[in-house]
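Everything on this sheet refers to the single structure shown next.
Quantities reported herein were computed from a predicted structural model and do not represent experimental measurements. The chains referred to below are lettered A, B, ... by the order of the sequence lines, with proteins before strands, and numbering in each begins at 1.
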Amino acid sequence: MNFEELVQEAKKEYYSIFQGELPAILIGSATCGISAGANEITKVIEDEITRENIEARIIPVGCIGSCYAEPIIGIFKGKKEGVLYGPVNKNLAKKIIKENIMEDKTVKENILGTIHVNEAGTGGSFFESDFMRLQSRQILRRCGLINPEDINHYLATGGYTGLLKALEMGADEIINTIKKSGLRGRGGAGFPTWLKWNLCRQSNSQEKYIICNADEGDPGAFMNRSLLEGDPHSVLEGILIGAHTIKAKKAYIYCRAEYPAALKKLKKAMKDLEKIGLLNTEIVIKKGAGAFVCGEETALMASIEGRRGMPRTRPPFPTTKGLWGKPTVINNVETFAAISLIFQEGVEQFSSMGTESSKGTKTFSLVGDIKRTGLIEVPLGTTLKEVIFDIGGGIKNGENLKAVQIGGPSGGCLPASMIDTEIDYDSLTSAGAIMGSGGLVVLSDNSCMVEIARYFLEFTQRESCGKCVPCRLGTQQMLLILNDIVQGNGNPEDIETLHEVAETVKAASLCGLGQTAPNPVLTTLKYFMEEYVEHIMDKRCPAAYCRELMHYFIDKERCTGCMACLKACPNNAIVGVENEPHFIDQVKCLKCGSCMDVCREGAILKVPGPG
Amino acid sequence: MKRRMEIILDGQRIRVDEGKSILDAALENNIYIPHLCFRPGLDAFGACRLCLVETLDGRLVTACETPVEDGMQVISDSDRLNRIRRVIASLLINGHVGDCLKCPRSGECKLEDISSYLGINDEDLTKLREFKIDDSIDDSNPFFLKDNGKCILCGLCVQSCDIIGVNAIDFTFRGAKTKIGTFMDKPLIDSICVSCGECVETCPVGALVKKSEKPSREVKTVCPYCGVGCGIYLGIRGDRIVSARGDPENPVNNGRLCVKGRFALNFVNSSERLEKPLIKEDNEFKEVEWDEAIAFIADKLSKYNGDEFAAIASAKCTNEENYLLQKFTRTVMKSNNIDHCARLCHAPSLVALSESLGSGAMTNSINELKKASCILAIGTNTTETHPVIAYKVIEAVKNGSKLIVVNPTRIELVRHADIYLRNKPGTDVPLILGMCKAIIEKNLIDHEFMKKRTEGFESFKEYVYDLEWDEIESITGISRDKIREAAILYASSPAASIIYAMGITQHFNGTDNVFALSNLALLTGNLGRANTGINPLRGQNNVQGASDMGALPDLYPGYQSIDDAREKFEKKWNCKLPKEKGLILPKIFERACKGKIKALYIMGENPILSEADINNVEEALKSIEFLIVQDIFPSETSKFADVILPACSFAEKDGTFTNTERRVQLIKSAVRPPGDAKPDWWIICKIAEKMGVPGFEFENPREIFDEIRELVPAYGGMSYKRLENGGIQWPCRSRDDPGTVFLYKDGFTRENGRAKFILPSFRLFETPDEDYPFILITGRSLYQYHTRTMTSKIKGLEEFKDWKSLEMNPIDGEKLGVREGDFVLVKSRRGSVKAKVRFNEALMEGVTFMSFHFAPVNRLTSSVRDPLSGMPALKVSCVDLIPQ
């Protein structure tokens, strides 16, 4: 079969899911779905259709992005639009099988929206929902709608047409196309992709390499994982286009060992790709050994070479001296997916989105104190406000927005006053944060900003490779000071010392990890100085978060004297008699929060100050 | 010529070669930029960040890593830079453990320099939170300690360990817990560390420090251990040797050393040294004055002549001394019975290479290995026996050279090899011929070279054609494909070099092994060119010199045959010389047993341990009427002596050593000899004088060397003055001859100028059978030296690898039902020895290993000799193992 015939077969098979005779049940089975219970739901559905003797297809798919609503299932029956449900528990699953599949009645519970999928594209009310309306799913267009382990689903949806186009182009034409697209590296630094490829292509060497950086390690970031789990071929296609362009001898995918599902899907995809004869460059998967710093490109290459993952100074950049000392292109997972997008769908579609300097879309992991968490994709230039309040639905529990932590441990905290900032490389950098790989943590006014800085510092300190002094000892020094401040042991000089050390670490560190490690400290010092001052001078945590600098208090008005807290207190710090408001003995209180957990009246309050 | 560049550093114009870094430029111009993790000669690492400088556009770059560009403007001192450096230095000092006054590195500590340069004060430190790094001390190594609390993680030690290919230490753990450690954080002594101390030399602070005392002065000389001939600075305090460091200017080792060169030289100070001449009376040794000893010897020796006398020269003594002993033997005693331990190492090389090429020495030089595109290491456990050469091989591999290792044992070098051929012990001839066959089959022959520079190719070709692959495979145990692969790699490399040692020569057919290698090199034209050659690695510091000096029964100094050059030497020495060829070493003992050799003069050798089948040697020494033993320590051999003469060690006399690459180097007297010990040359002169024979009126070694120069053309252009800096490689025929890096550039030194293919024969002396089912290989350990006369005085060396054990593959252990630590009786057709079992997975099944440092091992080996060179088959014997 030639490629055309393959695609025709694939299309017939794929679109029959959505318009076929057999009912189809799509189950979001990426890691996020599984952790929310997708496997159990699958089991229930399987049992149910066996018991009822129904003919139906169960199709595991990737993540459609609505993390807040996992587990998610989609029901497609006949020519009608499919219905997306979530969250689905066992009872709901049974009900959906019974009513939606057997009786053809839509269940009116937890509906996320309707979906239709055909050769012309996708649509339905799901895409018009608040969560989806401002999103533009380009990179993630297949996630949640195809079986990632079935190459036919990829082929049916335009897969590998980009590679075939690229194979007919010369390297110049490919690079010009990427240049025209305006694509900048999605790993965080935003280096123009065409320029990187061109530099490598022009390097004078018979031996070149291409590497896909899938060592996503930021706490709270899962964009790359979801993409690899939901649409692995789109990444492979981008890698192969790159390998063809720079004439790479070999390609490597460096993926965290903590991503077993992604690794499994990549391996299956490579095997299928080889079967249809399109795997024209050797691709080797290298599993990382759990070091965050290996996401840094020079450390990553050292790790592939079998050495300890420690960065080295650039220049020389990998494009001139990379893996095994040979010219190397190293790009992020999402960049490669963007490449395949550009070559499949055309450069105009890509460059029509975004801002002048930042084209296309970007995926983010939207997490934190927000109503709708999820994996989102928006055109660059979308404001933080739109992301938080429109897509995310605002702050949960009626609290207020305090800050957005963007860019992971390397990024910074922007205060609520700056939420009109547009998300693009340059605006974020000038605000003191960075795009990073795409972690977006929304913080309500219950968050202590000193603690946030401390939390990230603890992470970067632990993950520092230890090579350069500022990062190894500077992050440690900042952490020691912050540990003291949140425990009420700070002193007024600490702020200056923090500044001094942070600026030194930023200016003098060897690699990106160290250079950006002080960002959480510097941005919180810049935007939330008063919180530091309160911690140090008043020994008071205004968010009532830091244990040593807050206390629990019983609201007399609300307390019904049920004695639940009194019984739960491990240190007998609560006194009172039945049906009368209780009191907390502040001397005895361990601040464990058990009372707050058991109180049904909301009478236990956290109050700033040690009490 | 490198292009010169001009940069402006802090407003000053300075010039430097292209390719240098900003820091190089500054240091070359005596401008200090603070730095901790940089050391000239090692790669810039960019870790300490103290050398950050500002460029014109305000960027901060590390001076150590940034190459200069013409016209570049750099600021190395500004408020901004000093602020950054201050914080970095304060952070380091904040975590630094220990009191500087009690630190051995005090005064040389780079962190101290930086602190005082930046003026770090209390204020800088008190504002920081106290933070202590892991301050444990690893003092498991007998020679140096690792004090983690003082470590600044500059990584220089890691780099120096990587360069020599050992990789015993690396960065371990992460974050503020990062430290330099071994695999699994084991103590150094339990790690793969080879204790060379390279890391200690590079450490800029007190984290890796020698346990030895500091010297008060240094003397430049040459290491007395193996044939590599590393340049060293001996550290002396008072009259004692307390330390040693590599001479960075020496072309052989460029400052690098192994464990023995760096830590095992203070045997010189041992209280066991011989200090007085001793004469045996009624089986007791009596101390006498030199006059009495000399008179006694002169009187005794005058009673023997010609055939009744023999002398054993020493590969540990200087050229001058070996020259004198052979001169003494020939002119005073009128005998050619002089030989030395080369008979037990490279006699086959001398015979084979002289016959096929013209000279028995290394054709090329040690440093050329670094540029060879392919290295074939066969029958050499280089990391154990010639560590500093191994460093260069590994360096070559790191720079892209291909390495083929041939060895029955999976030696350390295999880790670095591209191809490893594990042949059965003793099957080198068929293996090498198999390679030749593959090269001929694939037509990778250098035809031009065949035509112009060789003879005998056609008959060799026919001979090789007739060999059957099936037979080669079954004898060697290696598939033809693997042999072909190695052959193609060797033959298709632009410059391929062969290195070999005792694994080739110490066989029943040692000479044939060398013939085979010579043919392989000839076939591919890998001779007479840079970075190629066939290179026997010599074992003793001056074994090359002892041969050069004619301590051989059939050759005068300079390998001049006693038949052809007798007239020349008679004229120079002004006396008649004996015409009969002398006896080779094993024959001397054989004849002694028969009462034919009656007087024996042994200078600096311990044959009772080193010879094969020592049962015979013991008998010989007992039979000898008059035995002179001249040494620095009482030895197992000296027990049999009639007179023992106390000699000076290498550190107590002047002279020259010739290393394995034909490099003649000066050694210098550094300390006073103990008691009445005298240089060997002085002793020989005195005996000759007393016996009334002229020609020994030398005042110092320089005068002896001058006589050598006149007689040995290859040394003709040398002088002590010219040898001052790094020595000269022979041949060096005239005052303006710079010496010879590689031989045979313009022709082979055979009669017709052509090299000759010689057909090697193949035979195994013993093969395992029912009675003796195991093969026993003997060899050396890195941590000991030969019969341990010197190394036994170094206590620390005992803590390394047990040299007394019998090593075997654990699978054999299981079959025999023995465990590590159990004793077995090792029995051969010659004798038996009890030894403790140690498992070594690197050994083949059915093959066992014992080091020859373990004295009785030569009770097992056979004195059956290679008929062409007289080399006993020391390497391989068949044994039975009986669990005890």
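For chain B, the option among C465(A), C468(A), G325(A), P315(A) with the highest count of heavy-atom pairs below 4.5 Å is C468(A). Heavy-atom pairs under 4.5 Å with chain B peak, among E493(A), Q477(A), E496(A), at Q477(A). Contact tally against chain A (heavy-atom pairs below 4.5 Å) for I133(B), L153(B), T66(B): the top residue is L153(B). Chain B forms the most heavy-atom pairs under 4.5 Å with one residue out of T460(A), D484(A), V501(A), and that residue is D484(A).
With a 4.5 Å cut-off on non-hydrogen atoms, E463(A) touches chain B through its backbone and its side chain both. Using a 4.5 Å cut-off between heavy atoms, S509(A) touches chain B through its backbone atoms (N, CA, C, O) alone. Using a 4.5 Å cut-off between heavy atoms, F45(B) touches chain A through backbone and side chain atoms alike. With a 4.5 angstrom heavy-atom cutoff, L36(B) does not touch chain A via any of its atoms. Both the backbone and the side chain of I88(B) come within contact range of chain A, with heavy atoms under 4.5 Å apart. Both the backbone and the side chain of T313(A) have a heavy atom closer than 4.5 Å to some heavy atom of chain B. Residue contact with chain B, scored on non-hydrogen atoms closer than 4.5 Å, is absent for F459(A).
By the neighbour-count criterion of 12 heavy atoms within 6.0 Å, atom CG of N204(A) is sparsely surrounded, having that number or fewer from other residues, nucleotides or ligands. Surrounding CG of N399(B) are more than 12 heavy atoms belonging to other residues, nucleotides or ligands, all under 6.0 Å away. In this structure, K179(B) places its NZ atom where more than 12 heavy-atom neighbours from other residues, nucleotides or ligands lie under 6.0 Å away. Crowding of M529(A) atom CE: a count of heavy atoms from other residues, nucleotides or ligands under 6.0 Å exceeding 12. Other residues, nucleotides and ligands contribute more than 12 heavy atoms inside 6.0 Å of the NZ atom of K208(A). The number of heavy atoms from other shown groups lying within 6.0 Å of CZ (F131(B)) is above 12. The environment of K110(B) atom NZ is dense: over 12 non-hydrogen atoms of other residues, nucleotides or ligands sit within 6.0 angstrom. Counting non-hydrogen atoms of other residues, nucleotides and ligands closer than 6.0 Å to NZ of K177(B) gives a total of 12 or fewer.
Side-chain atoms of K127(B) and E500(A), non-hydrogen and from C-beta on, do get closer than 4.5 Å to each other. Using a 4.5 Å heavy-atom threshold, the side chains of R129(B) and D494(A) count as touching. Residues N94(B) and L473(A) are not in side-chain contact: their nearest non-hydrogen atoms beyond the backbone lie 4.5 Å or more apart.
Expressed to the nearest 0.5 Å, how far CZ of R83(B) lies from OG1 of T504(A) amounts to 8.0 Å. Taking CD from E65(B) and CZ from R314(A), the interatomic distance works out to 12.0 Å, rounded to the nearest 0.5 Å.
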Would R307(A) and N167(B) count as a side-chain contact (heavy atoms from CB on, under 4.5 Å) if you check the C-alpha gap in whole Å, the side-chain angles of each, and the deciding distance to 0.1 Å?
CA-CA 11 Å; R307(A) 293 181 289 123; N167(B) 300 102; over 6 Å; no
Between L92(B) and R472(A), does the side-chain contact (heavy atoms from CB on, under 4.5 Å) criterion hold? Intermediate values first, please.
CA-CA 10 Å; L92(B) 273 173; R472(A) 180 178 78 240; 3.8 Å; yes
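The nearest pair of heavy atoms linking A507(A) to I84(B) is CB-CD1, 4.0 Å. The two residues G46(B) and L510(A) have their closest heavy-atom pair at O-CD1, 3.1 Å.
With respect to R174(B), the side chain to side chain contact (heavy atoms under 4.5 Å, CB included) criterion is satisfied by exactly one of R308(A), Q461(A), R462(A): R308(A).
In this structure, K467(A) contributes its side chain and F171(B) its backbone to no donor-acceptor pair below 3.5 Å.
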